[in-house]
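Below is one structure, written out as structure tokens, with a few remarks after it.
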Amino acid sequence: MSRVYNFSAGPSALPESVLKEAQAHLPDYQSLGYGVMEMSHRSKPFQQITQNAEAALRELMGIGDEYAVLFLQGGASMQFAMVPLNLMNGSGSADYIDSGSFANKAAAEAKKFGTVHVVASSKADGYTHLPAITPELFHADADYVHITTNNTIYGTEYTALPDTGAIPLVADMSSDILGKAYDINRFGLVYAGAQKNIGPAGVTVVIVKKSLMGKALRCCPTMLDYAVHEKEGSLYNTPSCWSIYVSGLVFEWLKAFGGVAAIEQQNRAKAALVYDYLDESQLFRGVAIKEDRSIMNVTFTLTRDELTDTFVKFALSKGLANLKGHRSVGGIRASMYNALPLEGARALVDCMKEFEVANR
Ligand SMILES: Cc1ncc(COP(=O)(O)O)c(C=O)c1O
């Protein structure tokens, strides 16, 4: 078996030790004679798996009892609808920050259920920077403020959270959850698709303040009501059992690594290696403005555009996979989530240097 350094934006690399553990127990979990994919979601062993995963996530993110932790399906995109269906219950309006195409989609979906104020946007600049946010932008009667903490496609990431005062802050944290430390108490609700820093696609983590639940709009389908899932311990219907199991293994791996603060340090070191080289290179150029650079997704282009595909192929020949930028923006994107080791970032810089020398 030969594994490459995988820079995929999602679904992305998982820790090899987690894959091996999952593989070893695939046909037989804890001597039951069958595996996690084959057991009832209401069985004791599976309930233990869910409880352990939740406890580990709570520990990693410092999540207190005033928050529910839900393991749902439908991806982060389902949350674009679930958030307004559950939280647009006061004035019926919410403030959205448009910092990328996922943020834009979230706002568009919310418009189906109430009034959406897009209070800041960087769309006109191709989302190469984050829109500036000041407290005056927010509407006092907004039911919540929605932010995307890391913009996966454009490679931008907030370094400071907006001050929304008493208005609950809702975050799509799909691409930087567990990659850097956040004070969960700053949020009313956080959601994230699993397929970057959490585990395999198929499960979506929602962390929601219990006080915000139980007031869903009348039209809200049962399956989209947070209170229903919380009451049933994420077992209202059959959950994404395998994804929850593997996510639990990833949480344990991260705990053993030293937790979120330790991995954040490594993520910052990886990002610094690549950005430092981008800043001195004549051939490669960073896309996002310096102040807003993401430590998870590094986006860049080549000054000689015609060499982009050649570079991607060259990198692959060196064991560096999935470096092509998102189809909507092109260029190169190096997604360096938790499971990518420091050596992966070093190998990328070495590869860029070699390519630049050869193409001077
Ligand atoms: C920030 C962000 N939000 C939302 C999504 C959509 O996630 P999903 O495919 O799980 O619906 C993605 C996917 O990459 C993302 O990066």
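Computed from a prediction, not measured in an experiment: that's the story for all the values here. First listed ligand is number 1; within each ligand, the first listed atom is number 1. Just the heavy atoms: all of them, side chains too, but no hydrogens, waters or symmetry mates, feed the values below.
- K270 places a side-chain N or O within donor-acceptor distance of the main-chain N or O of Y337, the cut-off being under 3.5 Å.
- Ligand 1 has an N or O atom lying under 3.5 Å from an N or O atom of T152, backbone or side chain.
- Within the structure, the closest approach of I153 to ligand 1 does not fall below 4.0 Å when heavy atoms are considered.
- Of the N and O atoms on the side chains of D292 and T156, not one donor lies less than 3.5 Å from an acceptor on the other residue.
- Within the 4.0 Å heavy-atom criterion, neither part of Y191 lies near ligand 1.
- Nearest protein heavy-atom contact of atom 7 (O) of ligand 1 is A76 CB, 3.5 Å.
- Residue K196 has at least one N or O atom closer than 3.5 Å to an N or O atom of ligand 1.
- No hydrogens or angles considered: nothing links the side chains of T152 and N297 as a donor-acceptor pair under 3.5 Å.
- The closest side-chain donor-acceptor pair between S43 and S40, if any, does not fall under 3.5 angstrom.
- Looking from atom 13 (C) of ligand 1 to the surrounding protein, the closest heavy atom is F102 CZ, 3.4 Å.
- Every atom of ligand 1 is numbered from 1 in the order shown, and the set under 4.0 Å from a heavy atom of G75 is 10 (O), 11 (O).
- N86 places no side-chain N or O within 3.5 Å of a backbone atom of A216 that could act as its donor or acceptor partner.
- Here the heavy atom of the protein found nearest to atom 3 (N) of ligand 1 is D172 OD2, 2.6 Å.
- A donor-acceptor pair shorter than 3.5 Å can be found between the side chains of N150 and S175.
- Listed by atom number, the atoms of ligand 1 under 4.0 Å from F80 heavy atoms are 4 (C).
- Close contacts between ligand 1 and N150 involve ligand atoms 1 (C) [criterion: under 4.0 Å to a heavy atom].
- For atom 11 (O) of ligand 1, the nearest non-hydrogen atom of the protein is S77 OG, 2.6 Å.
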Problem - side chain to side chain contact (heavy atoms under 4.5 Å, CB included) between Y245 and M37, intermediate numbers included - result: CA-CA 9 Å; Y245 164 64; M37 273 191 270; over 6 Å; no
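- Not counting sequence neighbours, K231 has no partner by the salt bridge (Lys or Arg N to Asp or Glu O under 4.0 Å) test.
- In terms of polar-atom proximity, Q195 is counted as a contact of ligand 1, with an N or O under 3.5 Å from an N or O of the ligand.
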